[in-house]
Enquirer: 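Mind having a look at this structure? Questions to follow.
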Amino acid sequence: MRKNIVAGNWKMNTTLQEGVALAKEVNAALEGVQPKCDVIICVPFTHLASVNDVIDANKLGLGAENCADHASGAYTGEISAAMVASTGAKYVILGHSERRQYYGETSETLKEKVALAFENGLTPIFCIGEVLEERENGTYFDVVKAQIESALFHLSAEDFGRIILAYEPVWAIGTGKTATDDQAQEMHAFIRGVIADKYGKEVADNTSILYGGSCKPTNAAALFAKPDVDGGLIGGAALKADSFMGIVNAF
Ligand code: 13P
């Protein structure tokens with residue numbers, strides 16, 4: 001059966017020293033407790049190796065926030081999936097709306113990134129979600145379906161089964177305006193149906209679908225109580241150990 005997961009996405013926040021301190025705090029908060037979900041932190045590239053050294057991998061997963069769409073070579077400033085994996089990280093966020101919006105990521109580049117993540121043993125946390133205009137003009141189901149189909153539906157059922165999905169309505173990210181738990185459930189159930197139509201019910205039932213967008217300790221329990229919401233991808237509230245743990249403990 002699918003896993004419940006709470007993953008932090010630190011985005012472009014914290015210096016190396018601050019990030020290592022935060023990772024230590026989260027790791028310490030998980031000591032001696034049995035959360036009802038897997039817990040992951042996705043941190044800036046510069047922090048990966050040092051954070052890996054201070055966390056207990058059995059308690060706390062580590063991921064990057066992106067990787068390159070090429071394996072290696074003359075791509076100044078890029079970080080490959082192999083480099084990410086060599087730090088000890090096991091996950092990589094791909095297709096975050098901020099990367100799609102500000103860095104022009106398309107389904108074509110994301111296909112390459114997903115393939116390279118798999119080749120290097122990384123689990124993609126693959127983000128999808130509509131912008132406000134699409135929510136308001138009622139095209140949001142079509143938009144999200146197209147994002148999944150165009151970037152992921154070339155995969156075999158086995159490979160698709162290795163993906164974690166994160167539904168992040170762009171209008172809810174960093175805005176304080178969370179999707180209601182009913183809005184999240186409606187979309188997550190729709191996504192699971194789209195997966196079932198392509199890969200069958202078993203693959204769909206085994207896919208973890210996280211919600212992201214202004215998820216906080218105060219709203220996480222209601223979101224996670226919904227049958228198709230399998231956890232959260234957390235931005236701002238992941239930058240303090242106590243608020244992040246408040247969300248972990250919402251399960
Ligand atoms: P916030 O939790 O800050 O809204 O960010 C959500 C997000 O984008 C996680 O990837």
Side-chain angles (χ1 to χ4, degrees), residues 4-14 18-19 22-23 26 37-45 47-48 51 60-67 84 89 91-103 105 110 113-114 117 122-132 134-135 140 143-144 147-148 151 163-181 183-184 187-188 191 208-224 226 229-251:
N4 291 328
I5 299 167
V6 170
N9 172 11
W10 291 4
K11 307 192 180 184
M12 197 174 72
N13 291 295
T14 73
E18 290 163 349
L22 175 56
V26 173
C37 58
D38 286 2
V39 185
I40 300 167
I41 48 176
C42 297
V43 309
F45 292 130
H47 301 18
L48 285 167
V51 167
L60 183 56
L62 178 63
E65 302 173 12
N66 182 28
C67 71
V84 169
Y91 301 88
V92 60
I93 296 174
L94 293 176
H96 193 281
S97 61
E98 288 150 15
R99 301 232 36 108
R100 293 175 188 261
Q101 203 177 340
Y102 306 140
Y103 302 98
E105 285 196 0
L110 290 169
K113 294 185 181 201
V114 167
L122 298 172
T123 297
I125 301 175
F126 192 89
C127 303
I128 49 189
E130 81 283 0
V131 299
L132 182 60
E134 295 158 344
R135 171 61 57 171
Y140 48 100
V143 167
V144 168
Q147 288 173 337
I148 298 170
I163 299 252
I164 298 167
L165 284 178
Y167 168 59
E168 299 205 305
V170 180
W171 47 271
I173 295 177
T175 56
K177 195 177 167 194
T178 324
T180 65
D181 38 277
Q183 282 173 323
M187 180 59 87
H188 284 223
I191 293 167
S208 295
I209 309 175
L210 315 184
Y211 167 79
S214 299
C215 188
K216 302 180 277 274
T218 46
N219 58 27
L223 286 160
F224 298 170
K226 293 294 178 185
V229 178
D230 307 313
L233 183 57
I234 317 301
L239 294 171
K240 292 267 183 303
D242 57 351
S243 56
F244 187 58
M245 288 306 297
I247 295 171
V248 169
N249 293 324
F251 267 113

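As the structure lists them, so they are numbered: ligands from 1, and atoms in each ligand from 1.
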Enquirer: Within the side chain of Asn219, is there an N or O that forms a donor-acceptor pair under 3.5 Å with the backbone of Cys215?
Expert: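 No; zero donor-acceptor contacts below 3.5 Å.
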
Enquirer: State the atoms of ligand 1, each with its element, that fall below the 4.0 Å cut-off from a heavy-atom position in Lys11.
Expert: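 Atoms satisfying the 4.0 Å criterion: 5 (O), 6 (C), 7 (C), 8 (O).
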
Enquirer: What's the shortest distance from atom 3 (O) of ligand 1 to any protein heavy atom, and which residue and atom give it?
Expert: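 Checked against all protein heavy atoms, atom 3 (O) of ligand 1 sits closest to Gly236 N, 2.8 Å.
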
Enquirer: Any side-chain heavy atom of Val39 within less than 4.5 Å of one from Phe244?
Expert: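 Result yes, sub-4.5 Å side-chain heavy-atom pair found.
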
Enquirer: State the atoms of ligand 1, each with its element, that fall below the 4.0 Å cut-off from a heavy-atom position in Ala172.
Expert: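 Atoms satisfying the 4.0 Å criterion: 4 (O).
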
Enquirer: Looking at ligand 1, would Gly176 count as a contact under a 4.0 Å heavy-atom criterion?
Expert: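 Per 4.0 Å heavy-atom rule, Gly176 does not contact ligand 1.
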
Enquirer: When the ring planes of Phe251 and Phe224 are compared, do they come out parallel, tilted or perpendicular, using 30° and 60° as the limits?
Expert: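 Plane angle under 30°, so parallel.
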
Enquirer: Do the side chain of Ser214 and the main chain of Ile173 share a donor and acceptor less than 3.5 angstrom apart?
Expert: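 Judged by distance alone, no pair lies under 3.5 Å.
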
Enquirer: Before accepting this row, confirm whether a basic side-chain N of the pair Arg100/Glu105 lies closer than 4.0 Å to the acidic partner's carboxylate O.
Expert: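 Judged by the 4.0 Å cut-off on N to carboxylate O distance, Arg100 and Glu105 do not form a salt bridge.
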
Enquirer: Looking at ligand 1, does any of its N/O atoms fall within less than 3.5 Å of an N/O of His96?
Expert: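 It does: an N or O of His96 is found under 3.5 Å from an N or O of ligand 1.
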
Enquirer: Any atoms of ligand 1 less than 4.0 Å from a non-hydrogen atom of Gly235? List them with their elements.
Expert: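 The atoms of ligand 1 under 4.0 Å from a heavy atom of Gly235 are 1 (P), 2 (O), 3 (O), 5 (O), 6 (C), 9 (C).
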
Enquirer: Output the list of atoms in ligand 1 that are nearer than 4.0 Å to some heavy atom of Glu168, sorted by atom number.
Expert: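 Those qualifying, in numeric order: 6 (C), 7 (C), 8 (O), 9 (C), 10 (O).
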
Enquirer: Does the side chain of Glu130 reach to within under 4.5 Å of the side chain of Gln147, using non-hydrogen atoms?
Expert: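 No, their side chains stay 4.5 Å or more apart.
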
Enquirer: Would you mind reporting whether Val6 and Ile40 have side-chain heavy atoms less than 4.5 Å apart?
Expert: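 The answer is no, as the side chains (C-beta and beyond) never meet within the 4.5 Å cut-off.
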
Enquirer: Taking 4.0 Å as the limit for heavy-atom contacts, which would you say applies to Cys127 with ligand 1: side chain only, backbone only, both, or neither?
Expert: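 For Cys127, there is no contact with ligand 1 at all, from either part.
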
Enquirer: Is Lys216 near ligand 1, meaning one of its heavy atoms is under 4.0 Å from it?
Expert: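 It does not, in that no heavy atom of Lys216 comes within the 4.0 Å cut-off of ligand 1.
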
Enquirer: For Gly213, is the nearest heavy atom under 4.0 Å from an atom of ligand 1?
Expert: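 In this structure, Gly213 qualifies as a contact of ligand 1 - some heavy atom is under 4.0 Å.
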
Enquirer: Check this for me, if you would: do Glu65 and Lys11 make a salt bridge, where the nitrogen-to-carboxylate-oxygen distance has to be below 4.0 angstrom?
Expert: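 Salt bridge absent between Glu65 and Lys11.
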
Enquirer: Give the contacting part of Asn9 toward ligand 1: side chain, backbone, both or neither, where contact means a heavy-atom distance below 4.0 Å.
Expert: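 Near ligand 1, Asn9 shows its side chain, while the N, CA, C and O stay back.
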
